[in-house]
Amino acid sequence: MRRLDCLENRCKTARPDKQDFAMQPCRLDSLDAFAAVVRCGGFRAAAAERGVSSSALSQTVASLEKALGIRLLNRTTRSVFPTEAGERLLERLAPALGEIRQAVADLDQLRENPSGTVRINAPGPAADHILCPLAFGFMQAYPEVRVEIVSDAAIVDIVAGGFDAGVRFGRQVEKDMIAVPLGPPLRYAIVASPGYLARRGTPATPHDLVRHDCIRRRFPGGSLATWRFAKDGEAIDLTPQGRLTLGSAHQEMQAALAGQGIAHVFEDYVGECLERGDLVEVLRDWGPELPCWFLYYPNRRHTGAAMRAFLDHLRAYDWGRKAAGRSLAGP
């Protein structure tokens with residue numbers, strides 16, 4: 001009985017432990033190093049190609065063989081050549097490494113020639129009068145880039161929404177965002193149709209608006225737009241009263257043209273209507289100059305090539321020329 005126990009113990013000792021031959025995780029750069037040694041015909045040439053020492057490269061391949069649990073290279077004093085296992089691995093490995101190199105080369109090409117899509121979330125006024133003219137010129141300069149502008153007055157998480165950038169009024173952005181001025185300072189215009197003013201009179205101060213039908217604006221979050229005024233050090237904020245509440249500046253302008261009341265919209269929207277006399281601006285001397293729009297985007301180390309090109313185009317854009325053209329031709 002003792003002899004059988006002893007023999008069994010000897011067999012257990014001699015039997016390879018399955019765990020000893022389990023393949024350990026191996027690094028992609030180790031596989032690439034192995035392929036380079038075979039391709040170059042030796043460690044010295046492969047090391048020169050990769051800019052490392054022969055001993056370091058030899059250690060990398062040795063670590064790979066240990067991780068895989070099998071010899072990949074036969075080494076002599078004169079040459080290095082793959083074992084059968086090495087040849088089989090290389091046969092499957094070479095196409096995969098080629099695909100990886102091509103993928104990296106494609107990224108290099110993308111850096112030199114921007115392509116892909118730039119997605120921007122912006123309120124309607126910024127999209128209509130700032131982003132669209134900007135995007136038209138950008139797309140002419142970069143024909144391989146697509147631009148998608150989503151008009152949305154709500155404040156959204158641009159990262160979660162899959163946007164490259166967003167637009168907000170003023171520098172009200174999160175700390176992990178970068179803000180870039182987008183266009184000149186803004187100004188609201190208080191406007192009404194000549195027919196409405198003939199019926200209801202022209203307000204001389206903001207306090208007179210309580211006796212008028214003001215066309216109100218409700219934001220997606222549910223709050224009503226506040227009308228702000230300033231003159232000679234006096235500042236007035238009021239929530240307008242009126243029978244009509246709408247959801248966009250374009251709708252407000254249409255309502256004012258139809259004689260439904262007094263509207264509070266960005267000057268860009270009504271420049272042409274004012275020049276034609278379809279609308280009349282009131283309380284102009286009470287209109288404070290406001291901050292401009294800001295384009296904001298995540299503070300990341302690596303920004304996509306298409307987005308970088310868009311930012312370069314934005315920074316080089318001549319806003320003074322746009323303002324001059326707007327004063328002559330309207331919005």
Side-chain angles (χ1 to χ4, degrees), residues 121-132 149-156 166-172 182-183 185-231 234-294 326 330-331:
N121 181 284
D128 292 344
H129 300 288
I130 300 292
L131 281 179
C132 281
I149 299 173
V150 177
S151 295
D152 190 351
I155 296 177
V156 301
V167 175
R168 289 187 188 174
F169 179 59
R171 196 185 288 269
Q172 299 175 355
L182 189 64
L186 300 169
R187 184 180 171 276
Y188 275 109
I190 310 299
V191 299
S193 69
Y196 173 86
L197 296 176
R199 294 194 313 271
R200 301 290 298 272
T202 300
T205 73
H207 300 289
D208 296 336
L209 293 174
V210 297
R211 297 190 294 272
H212 285 269
D213 275 330
C214 295
I215 302 168
R216 308 194 304 171
R217 169 86 176 275
R218 190 178 297 280
F219 294 116
S223 62
L224 287 168
T226 299
W227 294 15
R228 291 184 169 86
F229 302 91
K231 180 181 178 181
E234 180 183 3
I236 300 173
D237 287 2
L238 62 87
T239 300
Q241 301 300 310
R243 295 182 298 155
L244 182 61
T245 303
L246 301 171
S248 75
H250 181 73
Q251 294 169 355
E252 292 175 73
M253 183 183 72
Q254 294 300 317
L257 286 168
Q260 294 301 307
I262 297 178
H264 173 266
V265 294
F266 282 119
E267 191 176 37
D268 277 333
Y269 271 103
V270 294
E272 199 170 70
C273 295
L274 293 173
E275 290 183 3
R276 290 197 307 260
D278 297 334
L279 291 175
V280 176
E281 184 174 5
V282 300
L283 303 176
R284 181 176 178 83
D285 54 345
W286 281 89
E289 189 175 86
L290 304 171
C292 65
W293 296 107
F294 278 83
R326 180 179 58 199

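In this text the structure is predicted, and so the values were computed from the model without any measurement. Just so it is clear, the values below take in all heavy atoms, side chains as well, and ignore hydrogens, waters and symmetry mates. Residue indices begin at 1 and follow the sequence shown.
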Asks: Looking at side-chain heavy atoms only, is the closest gap between L182 and L131 below 4.5 Å?
Replies: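 Yes, their side chains come closer than 4.5 Å.
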
Asks: Going by the rule side-chain contact (heavy atoms from CB on, under 4.5 Å), which residues pair with V150 if we only count those two or more places apart in sequence or in a different chain?
Replies: R119, N121, E148, F163

Asks: Is D208 reaching over with its side chain to a backbone N or O of T205, donor-acceptor style, under 3.5 angstrom?
Replies: yes

Asks: Do you know which two heavy atoms are closest between L244 and A255, and how far apart they sit?
Replies: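 Nearest pair, atom of L244 first, then A255: CD2-CB, 3.7 Å.
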
Asks: Do P240 and H264 come close enough that some side-chain heavy atom pair is under 4.5 Å?
Replies: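 P240 does not reach H264 side chain to side chain.
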
Asks: So does G259 get a backbone contact from the side chain of R199, meaning a donor-acceptor N/O pair under 3.5 Å?
Replies: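 Checked: pair present.
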
Asks: Rounded to the nearest 0.5 Å, what's the gap from CG on D128 to CG on D268? Could you check?
Replies: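 Nearest 0.5 Å value for the CG-CG distance: 9.5 Å.
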
Asks: For residues 217-227, please give each side-chain donor-acceptor pair under 3.5 Å, one per line with the distance, not counting sequence neighbours.
Replies:
unit_1, atom_1, unit_2, atom_2, d
R217, NE, G247, O, 3.2
R217, NH1, E252, OE2, 3.4
R218, NH1, G222, O, 2.7

Asks: Please name all residues satisfying side chain to side chain donor-acceptor pair (under 3.5 Å) with R276, sequence neighbours left out, ordered by chain then number.
Replies: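 R276: side chain to side chain donor-acceptor pair (under 3.5 Å) contacts with E272, D278.
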
Asks: Test of understanding: with side chain to side chain donor-acceptor pair (under 3.5 Å), list the residues that count as partners of D152, not counting sequence neighbours.
Replies: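 Not a single residue meets the side chain to side chain donor-acceptor pair (under 3.5 Å) criterion with D152.
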
Asks: When you measure from the side chain of Q241 to the backbone of T239, do you find a donor-acceptor pair of N or O atoms at a distance under 3.5 Å?
Replies: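 Indeed, once roles are kept as given, a pair shorter than 3.5 Å links the two residues.
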
Asks: Output, in order, the C-alpha distance, side-chain angles, deciding distance and verdict of side chain to side chain contact (heavy atoms under 4.5 Å, CB included) for E234 and F229.
Replies: CA-CA 8 Å; E234 180 183 3; F229 302 91; over 6 Å; no

Asks: To check you understand the geometry: which heavy-atom pair defines the closest contact between L279 and M253, and what is its length?
Replies: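 For L279 and M253, the tightest heavy-atom pair comes out as CD1-CG, 4.4 Å.
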
Asks: Is there side-chain contact between H207 and I236, with at least one heavy-atom pair below 4.5 Å?
Replies: yes

Asks: So which atom in A256 and which in A263 form the shortest heavy-atom distance, rounded to 0.1 Å?
Replies: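 Looking at all heavy atoms of both residues, the closest pair is CB-CB, 3.9 Å.
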
Asks: Looking at every non-hydrogen atom in both residues, tell me the closest pair between W293 and P125 and how far apart they are.
Replies: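 Nearest heavy atoms, W293 then P125: CZ2-CB, 3.9 Å.
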
Asks: My understanding is that only residues two or more places apart in sequence, or in another chain, count here; which of them pass side chain to side chain donor-acceptor pair (under 3.5 Å) with E281?
Replies: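 Residues passing side chain to side chain donor-acceptor pair (under 3.5 Å) with E281: R187, R284.
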
Asks: Walk me through it: do L209 and L283 pass the test side chain to side chain contact (heavy atoms under 4.5 Å, CB included)?
Replies: CA-CA 10 Å; L209 293 174; L283 303 176; 4.2 Å; yes

Asks: Using atom types as modelled, flag every donor-acceptor pair under 3.5 Å from a side chain in residues 188-198 to any protein atom, sequence neighbours excluded.
Replies:
unit_1, atom_1, unit_2, atom_2, d
S193, OG, Y196, N, 3.1
Y196, OH, H212, ND1, 3.0
Y196, OH, D213, N, 3.0

Asks: Give me the atom names and distance for the closest heavy-atom approach of A127 to I149.
Replies: CB-CG2, 3.9 Å

Asks: Distance-only, no hydrogens or angles: does the R200 side chain make a donor-acceptor pair with backbone N or O of R211 under 3.5 Å?
Replies: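 A pair under 3.5 Å: yes.
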
Asks: Taking all atoms of both residues into account, what is the closest heavy-atom pair of G201 and P203, and its distance?
Replies: O-CD, 3.8 Å

